[in-house]
Amino acid sequence: MKNKFGLIGVMFGTLLMSAILVSSCNKDDDDDGGNNGKIDPNTIATSNLIAYFPLEEEGEAVEYSNDMLTFNQAVGSTSFVTARRGNGYQGSATEAYLEYDIASGTALKTLDEVTISCWVKTHHPLGGAAKILTINGGDPFMGAMALLQESAAAGDSVDIKFYIYDSESPDWKGQDIRIQSSRFTNDLWFHLVALYNKTTSSMELYSNGVLVATQIKYAGPDPGEGDQPLLGPIKLGQDMTKLHIGTWAQQIAGAPEAWMKYYPGTVDEIRIYNKALSADEINDLYEAEVTQIN
């Protein structure tokens with residue numbers, strides 16, 4: 001009898017331990033190692049991430065920038081509101097913007113291709129063009145790099161533009177891609193990715209992990225007007241000193257044109273990479289971002 005009960009005890013203990021192990025494995029599978037299923041988006045292409053703006057509050061540090069990008073000031077009616085992951089920057093139709101200083105050793109000055117990602121929630125009507133993010137230098141009108149909400153026709157689709165200035169291009173230095181698409185939806189959050197790929201010489205726009213627009217870029221006029229080389233690797237204007245969220249340089253200088261607007265929407269989780277992310281990396285980034293939604 002003693003041996004019989006001992007055998008039953010061993011069997012019961014084995015079953016209990018198996019149940020615990022299965023339960024533990026299932027829990028780890030469900031919550032990604034005890035983190036409630038959340039994935040840190042900064043683990044996507046980490047070695048290429050050169051700047052991350054959490055935009056939780058005024059004055060916070062720019063992560064991954066090695067102190068080459070530092071907060072300078074918030075101007076006008078800026079605020080931080082509940083956004084996609086914690087807080088985000090809320091702009092205004094009246095004067096409002098964030099300003100960051102760019103040190104001389106910043107990785108921005110060595111970019112030969114680039115990706116910008118962020119969450120955006122725009123607001124109609126705009127009645128002009130508003131810069132979501134811009135780096136000064138390069139072209140005195142557009143800057144070295146910019147992400148904009150442009151004027152749009154009536155409806156819910158948003159007009160998005162991405163601009164870069166290639167200071168060493170022999171002909172056309174300013175390059176951009178622009179599209180109004182239902183994948184950019186007014187008054188609804190969408191994850192926006194804009195990039196330039198030096199290998200394909202293409203500019204691309206993505207919404208929620210999906211490619212929305214792509215264009216090949218040349219060092220001169222469209223090949224239909226003559227034989228032009230592909231744009232290839234770029235070099236931004238080296239005179240950059242400021243990065244702004246929500247404004248044009250002309251507004252800061254006090255000489256804007258009427259159609260230049262302050263960005264009135266919300267933006268969150270801005271990331272800048274020193275390479276063109278692949279389609280798979282962009283999809284992984286979006287899926288990781290989704291796990292962080294408030």
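Fair warning: this is a prediction, and the values are worked out from it, not measured in the lab.
Scanning all heavy atoms of the two residues, the minimum distance from Glu60 to Phe71 falls at O-CB, 4.0 Å. When all heavy atoms of Thr78 and Leu98 are compared, the closest pair comes out as CG2-CD2, 4.3 Å. The nearest pair of heavy atoms linking Tyr262 to Ser92 is CB-O, 3.2 Å. Smallest separation of non-hydrogen atoms from Pro264 and Ala93: CB-N, 3.9 Å. In plain terms, the two heavy atoms of Cys118 and Val120 that are nearest each other are SG-CG2, 3.6 Å. For the pair Leu236 and Ala144, the tightest heavy-atom approach, listed with the atom from each and the gap, is CD2-O, 3.4 Å.
With sequence neighbours excluded, the residues forming a side-chain contact (heavy atoms from CB on, under 4.5 Å) with Val75 are Gln73, Glu95, Tyr97, listed by chain and number. The side-chain contact (heavy atoms from CB on, under 4.5 Å) search around Thr70 returns Asp101, not counting sequence neighbours. Partners of Val290 under the side-chain contact (heavy atoms from CB on, under 4.5 Å) rule, at least two apart in sequence or in another chain, are Tyr286, Ile293.
Side-chain N or O atoms of Trp248 include one that pairs as donor or acceptor with a backbone N or O of Ala129 at under 3.5 Å. The backbone N or O of Gly232 sits less than 3.5 Å from a side-chain atom of Ser201, completing a donor-acceptor pair. Formation of a donor-acceptor pair under 3.5 Å by the Asp268 side chain with backbone atoms of Arg85 is found in this model.
Separation of the Phe53 and Tyr100 ring centroids falls under the 6.0 Å cut-off.
The cluster map of Ile, Leu, Val, Met, Phe, Trp and Tyr, joined by side-chain heavy atoms under 4.5 Å apart, puts Ile272 and Ile160 in the same cluster. Two different hydrophobic clusters hold Leu111 and Val193 under the rule that ILVMFWY side chains link at heavy-atom gaps under 4.5 Å. Leu147 and Tyr206 are members of different hydrophobic clusters when ILVMFWY side chains are connected at heavy-atom separations under 4.5 Å.
Between Glu269 and Tyr52, the side chains place a donor N or O and an acceptor N or O closer than 3.5 Å (distance only, hydrogens not considered). In summary, the side chains of Ser79 and Gln90 do not present any donor paired with an acceptor at a separation below 3.5 Å, with no hydrogens or angles considered. Checking Asn186 against Asp156 by side-chain atom types alone, no donor-acceptor pair falls below 3.5 Å. Asn294 and Thr82 share no donor-acceptor pair across their side chains, judged by distance under 3.5 Å alone. If you check the side chains of His123 and Asp187, you find a donor sitting under 3.5 Å from an acceptor. A donor-acceptor pair shorter than 3.5 Å cannot be found between the side chains of Asp159 and Gln180. If you check the side chains of Ser181 and Ser157, you find no donor sitting under 3.5 Å from an acceptor.
Comment: Lys173 does not engage Asp166 in a salt bridge, judged by the lack of any side-chain N to carboxylate O separation of less than 4.0 angstrom. By the 4.0 Å N-to-carboxylate-O rule, Glu150 lies too far from Lys131 to be salt-bridged with it.
Distance check: Leu108 CG to Ile102 CD1 gives 5.5 Å after rounding to the nearest 0.5 Å.
Just one residue in the list Ile116, Val114, Ile282 forms a side-chain contact (heavy atoms from CB on, under 4.5 Å) with Leu195, and that residue is Ile282.
Using the six-membered ring where Trp is involved, Phe190 and Phe184 have ring planes that are tilted, between 30° and 60° apart.
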